[in-house]
Amino acid sequence: MISGVRYAYKASLIGAAHRFELTDEGLSWQIGGRAGVWPYDGISAIRLSYRPVSMQSRRFRADIESADLQSKGHGRIAVLSTSWQTAALMAPQDHDYRAFIIELHARMKQSASNATLTGGLRPRIYAAAVVLLILVAIAMAGLFIRALAIGEWAGVLFLAGFAALFAWQTGGFVARNRPRTYTFDDLPAALLP
C-alpha cells in the first residue's frame, strides 16, 4: 500500500484548493475552512461519473459520502479530475485523479468497507435524459425528411452536420453515464480518465 497518497484540485478560480490525502487513519480532506478524516470503513458510498463542461470535455467526478457519525465532517465531498489554472484554462489531472481513486478503493477494500459503489447518473435522471434524446432525434428526423421532400439541400446538410455533432457530444455522455454498480475489484473504465 502506498503511504500518503495526495490529490488536490481547485473547483473554482477563486477559492482555496480542495486537498485530499489517503492516510493510515482514513481519507483526510480539507476544503476551505473545513477539514476532517473519514475512516475507510466509514465511507458509505462512492458514485463515479463523467461530467464534461465547456472548457474541459474530459472531466470526471467522484462523490464520496460518509455515514460515520463519529467522524468530523459527516456528509458528502466531491473530487474532480480537473483544476482551474487561469480564467481561461481548466487543466486535466487525469493520471493523479485516476491513481487517487484506484488507491482509495483499494484501501476501502482492505478495511472491509460495505460502501455502495455506483457509477453514472441516477436511474431516473438517466431515463429522463434518454427520453429527451429520443424526442430530439424524432424532431430532427422530421425536419430532415421535410427538407428532403422540398429539396432544401442546404437544410439537409445542416441537419446532417448538426445531428452528427449532437450525437458525438451527447452520445458519449449518455453512454459513459449509464447507471451501474461495480465492485472494488472492477472499477468502471468509462468513468475513469
Side-chain angles (χ1 to χ4, degrees), residues 7-18 20 31 45-65 76-102 104-105 116-183 186-193:
Y7 181 75
Y9 74 93
K10 287 188 74 171
S12 64
L13 189 57
I14 301 171
H18 296 208
F20 306 93
I31 300 172
I46 295 182
R47 177 178 294 277
L48 299 177
S49 60
Y50 172 66
R51 299 290 178 95
V53 290
S54 61
M55 295 187 69
Q56 187 51 255
S57 62
R58 284 189 43 83
R59 187 176 84 149
F60 297 85
R61 177 179 171 136
D63 291 301
I64 306 169
E65 294 181 30
R76 181 182 339 168
I77 53 177
V79 181
L80 301 175
S81 69
T82 57
S83 185
W84 280 97
Q85 300 294 315
T86 66
L89 178 63
M90 185 181 258
Q93 302 184 131
D94 291 353
H95 177 72
D96 293 340
Y97 173 83
R98 181 183 185 87
F100 181 82
I101 294 299
I102 289 172
L104 173 62
H105 281 78
T116 303
L117 305 175
T118 56
L121 297 174
R122 297 186 190 284
R124 287 185 182 174
I125 295 172
Y126 185 80
V130 169
V131 167
L132 182 63
L133 284 176
I134 291 170
L135 292 174
V136 169
I138 291 169
M140 288 186 68
L143 290 171
F144 186 79
I145 291 168
R146 174 79 174 142
L148 281 174
I150 63 172
E152 187 60 50
W153 306 115
V156 168
L157 289 175
F158 173 78
L159 286 169
F162 184 78
L165 177 66
F166 186 74
W168 176 58
Q169 290 288 322
T170 60
F173 176 82
V174 170
R176 283 179 184 253
N177 280 311
R178 178 183 50 81
R180 67 192 85 184
T181 58
Y182 64 94
T183 65
D186 189 27
L187 277 66
L191 299 177
L192 289 173

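Nearest heavy atom pair, residue Pro179 against residue Pro123, reads CG-CA, 3.9 Å. When all heavy atoms of Tyr126 and Arg178 are compared, the closest pair comes out as CE1-CA, 3.5 Å. Minimum heavy-atom separation, Leu121 to Phe173: CD1-CE2, 4.0 Å. Taking both residues in full, the closest heavy atoms of Ala160 and Phe144 are given as CB-CE1, 4.4 Å, listed atom of the first, atom of the second, then distance. Residues Ser12 and Trp84 approach most closely at CA-CD1, 3.4 Å, considering heavy atoms. The two residues Val79 and Phe20 come nearest to each other via the heavy atoms CG2-CZ, 3.8 Å.
Proximity of a side-chain donor or acceptor of Arg176 to a complementary backbone N or O of Ala190 within less than 3.5 Å is detected. Remark: side-chain polar atoms of Tyr7 are paired, donor with acceptor, to backbone N or O of Leu80 under 3.5 angstrom. No side-chain donor-acceptor contact under 3.5 Å links Arg51 to the backbone of Arg59. Remark: side-chain polar atoms of Glu65 are not paired, donor with acceptor, to backbone N or O of Arg47 under 3.5 angstrom. A distance-only check finds no donor-acceptor pair linking the side chain of Ser83 to the backbone of Ala91 [under 3.5 Å].
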Mind running side-chain contact (heavy atoms from CB on, under 4.5 Å) on Phe100 and Gln93 for me, showing each step along the way?
CA-CA 11 Å; Phe100 181 82; Gln93 302 184 131; over 6 Å; no
Starting from the C-alpha separation in whole Å, work towards a yes-or-no answer on side-chain contact (heavy atoms from CB on, under 4.5 Å) for Thr170 and Phe166.
CA-CA 6 Å; Thr170 60; Phe166 186 74; 3.8 Å; yes
side-chain contact (heavy atoms from CB on, under 4.5 Å) between Phe158 and Leu143: does it pass, once the steps are laid out?
CA-CA 11 Å; Phe158 173 78; Leu143 290 171; over 6 Å; no
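One finds the CG atom of Leu48 at 8.5 Å from the CD1 atom of Ile64 (value rounded to the nearest 0.5 Å). To the nearest 0.5 Å, atom OH of residue Tyr97 and atom OG1 of residue Thr82 are 10.0 Å apart. Between atom CD1 of residue Ile101 and atom CG of residue Leu191 there is a gap of 11.0 Å, rounded to the nearest 0.5 Å. How far CZ of Arg122 is from CG of Asn177: 12.0 Å, rounded to the nearest 0.5 Å. Remark: Leu165 CG to Gln169 CD distance equals 5.5 Å, nearest 0.5 Å. Between the CG atom in Leu157 and the CZ atom in Phe162 there is a gap of 15.0 Å [rounded to 0.5 Å].
Between Asp94 and Arg98, the closest side-chain pair of non-hydrogen atoms is not below 4.5 Å. Side chains of His18 and Ile77 form no contact here, defined as non-hydrogen atoms less than 4.5 Å apart.
In this structure, Tyr50 and Phe60 have tilted ring planes: the angle between them lies in the 30° to 60° band.
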